[in-house]
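Remarks on the structure that follows.
By convention in this document, chain letters (A, B, ...) are assigned in the order of the sequence lines, proteins followed by strands, and residues within each chain are numbered from 1.
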Protein chains: 2
Amino acid sequence: MNPARTANTARAHSTRKRTRIQEANEEKILDAGLEVFSTYGFRGATVDQIAALAGMTKPNLLYYFRRKDDIYLAVLQRTLEMWLQPLAALSAKGDPAAEITAYIDRKLELSRENPKASRLFAIEIMQGAPVLGEVLSGRLKELVDEKAAVIRAWVAAGKLAPIDPYHLIFMIWATTQHYADFEVQIRAVLGDRADRGDHFDTARRTLERVFLGGIDGTTPPA
Amino acid sequence: MNPARTANTARAHSTRKRTRIQEANEEKILDAGLEVFSTYGFRGATVDQIAALAGMTKPNLLYYFRRKDDIYLAVLQRTLEMWLQPLAALSAKGDPAAEITAYIDRKLELSRENPKASRLFAIEIMQGAPVLGEVLSGRLKELVDEKAAVIRAWVAAGKLAPIDPYHLIFMIWATTQHYADFEVQIRAVLGDRADRGDHFDTARRTLERVFLGGIDGTTPPA
DNA sequence: AGATTTCCTGACCATTTGGTCAAGGGAAAA
DNA sequence: TTTTCCCTTGACCAAATGGTCAGGAAATCT
């Protein structure tokens with residue numbers, strides 16, 4: 001039902017040093033795993049499918065990762081740091097508007113470069129976060145609490161409009177990750193526009209504009 | 001692999017009129033189907049699981065919906081109209097800011113009242129929209145094109161800041177649906193705050209504030 | 001080269017899963 | 001009340017799925 005919580009990543013002979021073949025194959029498996037898990041979720045993914053995509057037989061894959069759970073866990077772990085990094089980089093010292101703009105840009109860039117990772121987390125969370133649950137209420141919550149305090153200080157100093165810092169962060173997550181998670185819908189709705197030029201660039205400009213100045217036309221931004 | 005495209009909803013004797021039992025059981029099945037599909041996606045869901053949740057045996061469920069595909073299709077169809085309605089209600093005649101605020105409120109309300117439907121669409125789209133694909137590039141695209149034109153006219157009339165209408169709509173979708181799709185993460189990050197009072201109300205106020213005025217503190221809103 | 005360890009595979013297995021079917025039990029029309 | 005549907009179920013099936021295992025093929029080490 002729910003993946004294991006033991007961090008017993010790979011089988012391959014824990015005490016020995018890692019071979020080149022081992023390194024290469026584990027990477028192929030993790031790549032394939034990311035592809036499949038990010039599309040079908042843990043339960044919808046099959047080991048055969050991952051093995052086929054990784055270009056190896058199922059028993060061979062299971063030589064490196066003994067259980068489906070282990071692959072899933074390893075894929076999540078590999079992408080987790082990358083996912084937390086942008087918010088961690090938000091600095092209290094910088095200019096509020098510039099810091100938040102930079103945060104939006106980094107998150108959006110991540111959505112463009114690694115949409116599969118975004119979808120992986122999205123599916124994991126929608127399924128109730130059976131594996132990441134503790135990370136969410138632990139590390140992630142602490143990180144958000146910390147940065148929310150930074151934003152709140154900016155608001156108190158009159159450098160930002162009086163908005164709830166948590167929901168501002170949620171808005172940034174939502175809008176930036178949307179371009180990865182709902183890529184198919186965006187392409188469908190934009191139609192030709194999605195191909196003509198870079199819609200990620202239009203997205204970036206629109207996000208920055210709305211977050212910084214809102215949509216109100218009566219007081220145009222400087 | 002991918003669900004059928006035939007709209008052959010239920011088995012039950014197409015020509016005959018619908019019984020009470022039939023009506024009641026189909027509803028139980030669709031409710032259970034929504035619950036399960038919205039959590040695990042099409043492939044991750046099992047018919048046994050849906051049957052158990054609907055309080056009946058698998059063969060009994062399959063008497064009403066002959067194939068797993070049929071349940072999935074029916075669940076999607078039942079929730080589709082509800083999903084498109086808020087955007088359709090956006091009127092060119094109203095005040096731009098008021099119309100957009102109302103749209104945000106409606107979408108957010110839908111996320112609160114029917115988070116499962118939101119997650120159902122999210123998972124379907126993340127899996128490549130095998131069923132809804134044509135709806136996205138058909139009806140949805142047409143609807144968005146129409147409303148984008150309305151927004152563009154507002155911009156041209158100087159009633160809104162010069163933003164891309166498509167990406168504004170995406171932002172509204174993203175931010176409002178986020179509260180349904182990532183409910184688990186939101187609750188984890190908010191911790192106690194999620195329970196104390198209604199965080200949906202804080203969300204609404206924050207969304208309205210940011211969309212209308214941005215986060216800039218140097219030019220406070222009226 | 002020879003010994004040792006790592007890597008790979010076909011065959012196999014238990015369980016789960018989507019789906020069928022014949023036959024009995026009920027509701028409701030006649 | 002009888003007849004006619006509609007509803008429900010246990011038993012069953014073929015395919016898919018997660019996982020095992022013995023043994024052979026490659027690397028790697030000495």
Looking at side-chain heavy atoms only, is the closest gap between B/L76 and B/F37 below 4.5 Å? no

CG of A/L132 to CD of B/Q185: how many Å apart, nearest 0.5 Å? 9.0 Å

Would you say A/T57 places a side-chain N or O within less than 4.0 Å of OP1 or OP2 belonging to C/dC8? no

Give the rounded distance in Å between these two atoms: CZ of B/R66 and P of C/dT17. 23 Å

Note: for B/R20 and B/K68 on DNA chain C, the residue whose nearest nucleotide lies more 5' is B/K68

Does B/A45 reach a base, just sugar-phosphate, or nothing at all? Heavy atoms under 4.0 Å. sugar-phosphate

State whether the distance check finds a donor on one side and an acceptor on the other, under 3.5 Å, for side chain A/K58 versus base D/dG18. yes

Of the nucleotides D/dT20, C/dG18, C/dT20, which has the atom closest to the B/P59 side chain? C/dT20

What's the closest nucleotide to the A/V47 side chain, out of D/dC7, C/dC7, D/dG18? D/dG18

For residues B/A54 and B/K28, report the shortest heavy-atom separation together with the two atoms involved. O-CD, 3.7 Å

Of the nucleotides C/dT9, D/dC7, D/dT28, which has the atom closest to the A/T19 side chain? D/dT28

Check this one for me: any side-chain N or O of A/Y63 less than 4.0 Å away from OP1 or OP2 of C/dC7? yes

Phosphate oxygens OP1/OP2 of C/dC8: is one of them under 4.0 Å from a side-chain N or O of A/N25? yes

Look at the side chain of B/L62 and decide which nucleotide, out of C/dG19, D/dT8, C/dT9, has an atom nearest to it. C/dG19

Could you please name the option among D/dG19, D/dT8, C/dC8 that lies closest to any side-chain atom of A/Y64? C/dC8

Whether A/E109 and A/R112 form a salt bridge (side-chain N of Lys/Arg under 4.0 Å from carboxylate O of Asp/Glu) is what I want to check. yes

Roughly how many Å is it from CE in A/M56 to P in D/dG19, rounded to a whole number? 17 Å

If you count every heavy atom of other residues, nucleotides or ligands that lies below 6.0 Å from A/Q85 atom CD, does the total exceed 12? yes

Looking at A/Q22, I'd like to know whether one of its side-chain N or O atoms comes within less than 4.0 Å of OP1 or OP2 on C/dC7. yes

Under 4.0 Å: is that the gap between some side-chain N or O of B/R67 and OP1 or OP2 of C/dT20? yes

Nearest-nucleotide pick for A/T46, side chain only, options being C/dT9, D/dA27, D/dG18: D/dG18

Can you tell me how far C1' of C/dT17 sits from CZ of A/R43, to the nearest Å? 11 Å

Roughly, in whole Å, what's the span from CD1 in A/I29 to P in C/dC7? 11 Å

Spacing of B/Y40 atom OH relative to C/dT17 atom C1', expressed in whole Å: 16 Å

Nearest-Å distance, CG (A/N60) to P (D/dG24)? 18 Å

Could you report the tightest heavy-atom contact between B/T175 and B/Y179, atom names first, then the distance? O-CD1, 3.2 Å

Find the distance A/D70:CG to D/dG19:C1' and express it as a whole number of Å. 12 Å

Please report the distance, rounded to the nearest Å, between NZ in B/K28 and C1' in D/dT8. 12 Å

